[in-house]
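Since the structure comes first, as structure tokens, the remarks are kept for the end.
Note that these values count all heavy atoms, side chains included, but never hydrogens, waters or copies made by symmetry.
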Amino acid sequence: MDVSWFVVLSAFIFCIGAGGVMTRRNPLVVLLCLELMLNAGNLALIAFDRMHGLGDGQVFALFVMVIAACEVVVGLGIIVALYRRRLPIDVDDLSELKG
Amino acid sequence: MLFEQILFFVAGIGALAGALGVVMLRNPFYSVLSLVAHLLALAVLFLLLQAQFVAAAQVVVYAGAVMVLYVFVVAYVGGSDDPLARDQSGVIGQLGPVFAGALLIELTIAVLASSLGALDTRGADLEPGYGTPAEIGELLLQRFLLPFEAASFLLLSAAVGAVVLARKRRGLEPLEDEGAG
């Protein structure tokens with residue numbers, strides 16, 4: 001398979017994730033869609049690494065996974081804190097920082 | 001060769017279906033399960049790209065550990081049904097799919113019209129150890145030692161941050177029913 005197939009597939013996944021981030025209102029699902037976008041980036045990194053054959057892109061993908069794990073931990077912590085304070089679990093209702 | 005193509009299309013369609021499921025399904029719990037299916041399909045694609053170690057890490061760390069965290073939080077918060085609220089959620093909610101489609105067209109044009117000649121090949125000739133844990137470990141501990149250590153600090157600070165965020169704040173502002181948490 002040519003490398004471009006994988007890159008185009010990753011573009012599809014990235015756009016599905018981006019659409020989800022913009023349309024969904026539950027912050028849990030927004031986090032899931034962010035995971036989709038990060039994974040699309042991982043797929044592109046690994047496809048380009050296959051193109052060059054050096055192994056650097058795979059290490060980059062591992063770092064992306066580390067950063068995604070950190071983002072998930074902090075994001076889910078915020079959601080649990082919201083739930084404990086009886087705030088609405090809805091990104092459109094949480095607009096106190098809007099200024 | 002033919003087997004590789006069949007595997008690519010099966011895994012690619014699985015990954016796309018999983019991604020669409022994450023966005024479309026109403027119940028967040030089903031969205032999480034759909035993401036697990038998506039991650040497994042992606043691991044197959046990584047294997048097709050000769051990235052064995054990353055594929056294994058994807059299955060064990062991502063589809064295993066991170067998704068368990070999601071399932072726990074969805075069970076705790078209670079997955080309320082959340083339709084694709086196009087009617088309530090303003091301009092961005094309605095134009096979101098349009099933006100996503102425009103982004104897709106732009107990215108596809110960028111890939112197809114790119115002058116990277118090697119995109120239309122199967123990639124470089126590989127050395128024997130490509131993608132094995134031995135090579136990844138060597139790269140991590142030699143060339144990428146500093147980012148590796150920085151990543152460990154990042155994980156530590158994320159863990160501390162999660163504990164601070166999720167603990168009970170006594171004294172600052174009392175919760176409505178103290179014993180319920």
A:Phe6 side chain reached by B:Phe46 side chain, heavy atoms, under 4.5 Å: no

Residue part contacting chain A, namely of B:Val32, when any heavy atom lies under 4.5 Å: both

Close side-chain approach of A:Phe12 to B:Leu107, heavy-atom, < 4.5 Å: no

Contact leader toward chain A among B:Ala51, B:Ser31, B:Ser34, B:Ala102, where contacts are heavy-atom pairs under 4.5 Å: B:Ala51

Test item: B:Leu140 and A:Phe63 side chains (from C-beta on) under 4.5 Å apart, heavy atoms: yes

Co-membership, hydrophobic cluster, residues A:Leu76 and B:Tyr76, 4.5 Å side-chain: yes

Region of B:Val22 that comes under 4.5 Å of a non-hydrogen atom in chain A: both

Side chains of A:Asp56 and B:Arg143 in contact at under 4.5 Å (non-hydrogen atoms): yes

Common cluster, A:Leu38/B:Leu154, ILVMFWY with side-chain heavy-atom separation under 4.5 Å: no

Greatest number of heavy atom pairs closer than 4.5 Å to chain B - which of A:Leu32, A:Ile13, A:Leu82: A:Leu32

Winner by heavy-atom pair count (cut-off under 4.5 Å) against chain B, out of A:Ala40, A:Ala18, A:Gly55, A:Gly57: A:Gly55

Chain B contact via A:Leu62 - side chain, backbone, both or neither, heavy atoms under 4.5 Å: side chain

Given A:Asp49, A:Leu43, A:Val3, the one that forms side-chain contact (heavy atoms from CB on, under 4.5 Å) with B:Leu49: A:Leu43

Same apolar cluster: B:Ile13 and B:Val44, side chain cutoff 4.5 Å: no

Most chain A-contacting option - heavy-atom pairs closer than 4.5 Å, from B:Gly161, B:Gly131, B:Ala159: B:Gly131

Chain A contacts, top residue of B:Pro147, B:Ala57, B:Ala15, B:Ala110 (heavy-atom pairs, under 4.5 Å): B:Pro147

Under 4.5 Å from any heavy atom of chain A - which part of B:Glu135: side chain

B:Tyr70 portion near chain A, given a 4.5 angstrom heavy-atom threshold: both

Heavy-atom contact with chain A under 4.5 Å, split by part of B:Tyr30: neither

Heavy atoms of other groups near B:Gln5 CD, more than 12 under 6.0 Å: yes

Proximity breakdown for A:Leu31 and chain B, heavy-atom pairs closer than 4.5 Å: both

Leading residue by heavy atom contact count with chain A [cutoff under 4.5 Å; candidates B:Thr108, B:Leu20, B:Val98]: B:Leu20

Among A:Val73, A:Leu36, A:Val66, A:Val80, residue most engaged with chain B (heavy-atom pairs, under 4.5 Å): A:Leu36

Engaged part of B:Leu155 at the chain A interface, taking heavy atoms whose separation is under 4.5 Å: both

Pairs of heavy atoms under 4.5 Å with chain A: top-ranked of B:Phe144, B:Tyr130, B:Phe148, B:Phe53: B:Tyr130

Interface residue of largest heavy-atom contact number with chain B, from A:Glu71, A:His52, A:Met65, under 4.5 Å: A:Met65

A:Leu9/B:Leu45 under side-chain contact (heavy atoms from CB on, under 4.5 Å): CA gap, chis, key distance, verdict: CA-CA 10 Å; A:Leu9 178 67; B:Leu45 290 175; 3.4 Å; yes

Pick from A:Gly77, A:Cys15, A:Cys33 with the largest number of heavy-atom pairs that fall under 4.5 Å of chain B: A:Cys15

Heavy-atom donor-acceptor pair, A:Asp2 side chain to A:Ser4 backbone, under 3.5 Å: no

